[in-house]
Number of protein chains: 2
Amino acid sequence: MTAIFDSISEPLSRRVTAGLAKIGLVLRSRAWKGAGLAGVTPTQGQALALLREAPQGMKLAALAHLLGVSAPTASETVSALVAKQLAEKTPGSDRRSLTLKLTQQGETIALRTADWPDFLGTAVETLDPSEQAAFLRALVKIIRALQENGDIPVQRMCVTCRHFRPYAHPGSPTPHHCAFVDAPFADRHLRLNCPEQEPAPAEQRDAAWTRFAAPAGA
Amino acid sequence: MTAIFDSISEPLSRRVTAGLAKIGLVLRSRAWKGAGLAGVTPTQGQALALLREAPQGMKLAALAHLLGVSAPTASETVSALVAKQLAEKTPGSDRRSLTLKLTQQGETIALRTADWPDFLGTAVETLDPSEQAAFLRALVKIIRALQENGDIPVQRMCVTCRHFRPYAHPGSPTPHHCAFVDAPFADRHLRLNCPEQEPAPAEQRDAAWTRFAAPAGA
DNA sequence: CGGTCATTGTTCGGACTCCTAACTATTCAC
DNA sequence: GTGAATAGTTAGGAGTCCGAACAATGACCG
């Protein structure tokens, strides 16, 4: 039953990564055009978005880690934002560290630049809802694997959260449960960046993952 | 049956694009580290990969378009590659245009740098095969939508190919058919970059797409 | 033939991205 | 206290990216 294409094609996972890379490429190139209009460049825009998600402020090293760049690059980027009066450096806990915060203007710009990948959202919406949900579920799995491997900074995802109860309601259309808001939910509600997320202890996390990742969800 | 999460969450498509953006971010940052070892930078590596797929050579403007950058940027990038003796400029059809080709060394490096997203391949392989296939299918849909919208250069995909016969074998595990090699295939074999691809005329393309995209494939 | 006009690619100036290496200031550990 | 770790900056260099202005060449038209 093996098709000829199984032997003559590149591996499936390779074609998938190629596809993801193509999307990454266009995101990068769009970021220059789109974010450029708002007067900020891609990395600066990314930094604004990250700072917006951390209203209590963020250290430079943390920002560098999240951006996936070295400390000097982050330092330069922040300096540029400060020069544009979109962010400010406030004293941190130490006298050597500092806390980064957005200014009023920064908030405004951050909201505006958060829209730049809208063209991609439009493309995603050509998938029907159940396909989007399955796609999101697969993305979560991929990102978790990257995180587990140390290839990506730790994300505030449901699947590694203390309040996540996968398949607490088997058979239901909303089979999972969030113990924080005490409500059931489905794959389509999975979050990558929940403000309420708290990392679960290792043992709980592994058990939850095993249960969540089972093919049939059984 | 609407869950509380439907009202308090960001839209599904937005969370999907956020996930794709996160993967794009790590690809970018990895490209600096990984490709840096081979002595080429991300854009240069990307250019090598594109040139490798076009053994007959490529014009500068075409490369710029595929890279998603302006002509000056492409010109600089190519100059860097030529200086490193990884590519060469040969006369084109005109006396103003030129044809870009890889050198022997360039081939070697292109093969090496083609490996850099391997860490992502490893993560993708944590999905079971049927989930990978569904993921690829969804990626194809997204990329097609981007292409249709002019957000991404035209790709050599099965779904827009003259030889593509979606669901020519309904009910079979390999329901589609490629008229070029005259063999059946499945979603998991879909290609994003087939050397044999020839764009189908508009009418055929639309008919094939309608048939392919139908939820049940019926 | 000569005059436009579009095309192909380059150069220029400037801002940003990104790194490693070297540096200052501060804090912690013993 | 002295020395090691930590937080961030500066310096230098290669690369990425753009728009504007430029030289060629080719195409078209009167």
Side-chain angles (χ1 to χ4, degrees), chain A residues 24-48 57-84 86-100 113 116, chain B residues 24-48 57-84 86-100 113 116:
Chain A
L25 192 62
V26 64
L27 276 173
R28 190 153 50 259
S29 105
R30 270 307 175 105
W32 275 99
K33 292 165 195 166
L37 301 179
V40 296
T41 52
T43 307
Q44 291 171 15
Q46 212 97 30
L48 288 178
M58 188 181 273
K59 290 202 231 173
L60 180 64
L63 181 62
H65 184 231
L66 290 176
L67 286 173
V69 301
S70 62
T73 300
S75 183
E76 281 176 82
T77 299
V78 167
S79 298
L81 289 177
V82 170
K84 290 175 185 173
L86 301 179
E88 53 187 359
K89 299 176 181 177
T90 60
S93 45
D94 272 6
R95 217 175 311 178
R96 32 183 192 169
S97 76
L98 40 78
T99 299
L100 302 169
T113 57
W116 61 254
Chain B
L25 191 63
V26 65
L27 275 175
R28 191 153 51 260
S29 105
R30 268 309 173 107
W32 274 99
K33 293 168 192 164
L37 301 179
V40 296
T41 51
T43 307
Q44 291 171 14
Q46 213 99 28
L48 288 179
M58 187 181 273
K59 289 202 231 172
L60 180 63
L63 181 63
H65 185 231
L66 289 176
L67 286 173
V69 301
S70 62
T73 300
S75 182
E76 283 175 82
T77 299
V78 168
S79 297
L81 289 177
V82 170
K84 291 175 184 172
L86 301 178
E88 52 188 0
K89 299 177 181 175
T90 60
S93 44
D94 273 4
R95 217 175 313 177
R96 24 177 200 175
S97 76
L98 40 78
T99 300
L100 303 169
T113 57
W116 62 253

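The chains referred to below are lettered A, B, ... by the order of the sequence lines, with proteins before strands, and numbering in each begins at 1. None of these values were measured; they are calculated from a predicted model.
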From the options [options], select the nucleotide whose nearest atom is closest to the side chain of [X].
X: A:Pro72; options: D:dG8, D:dT9, D:dC18; value: D:dT9
X: A:Ala71; options: D:dC17, D:dT9, D:dC18; value: D:dT9
X: B:Leu98; options: C:dG9, D:dT9, D:dC18; value: C:dG9
X: B:Lys84; options: C:dT10, D:dG15, D:dC18; value: D:dG15

Do you know the tightest heavy-atom contact between [X] and [Y]?
X: B:Ala47; Y: B:Leu81; value: CB-CD1, 4.0 Å
X: A:Lys59; Y: A:Ser97; value: CD-CB, 4.3 Å
X: A:Leu100; Y: A:Val78; value: CD2-CG1, 3.7 Å
X: A:Leu25; Y: B:Leu66; value: CD2-O, 3.7 Å

Would you say A:Ser75's side chain and A:Ala71's backbone share a donor-acceptor pair under 3.5 angstrom?
->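 No; zero donor-acceptor contacts below 3.5 Å.
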With B for base contact, S for sugar-phosphate-only contact and - for none (protein heavy atoms under 4.0 Å), nucleotides 23-30 of chain C reads ---BS---
Is any side-chain N or O of [X] closer than 4.0 Å to OP1 or OP2 of [N]?
X: A:Thr73; N: C:dT17; result: no
X: A:Ser70; N: C:dC19; result: yes
X: B:Thr41; N: D:dA14; result: no
X: B:Lys89; N: C:dT10; result: yes

DNA chain D: A:Ser97 or A:Ser29, which has the more 5' nearest nucleotide?
->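 Result of the comparison: A:Ser97.
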Nearest-nucleotide wise, let me know which of A:Lys59 and A:Arg28 is further upstream toward the 5' end of DNA chain D.
-> A:Lys59
With sequence neighbours excluded, tell me which residues meet side chain to side chain donor-acceptor pair (under 3.5 Å) with A:Lys84.
->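 A:Gln44.
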Between the two end axes of the helix from C:dC1-D:dG30 to C:dC30-D:dG1, each built from 5 base pairs, what angle do you get to the nearest 10°?
->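 Rounded value for the end-axis angle: 10°.
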Is there a donor and acceptor pair closer than 3.5 Å between the side chain of B:Glu76 and the base of D:dC17?
-> yes
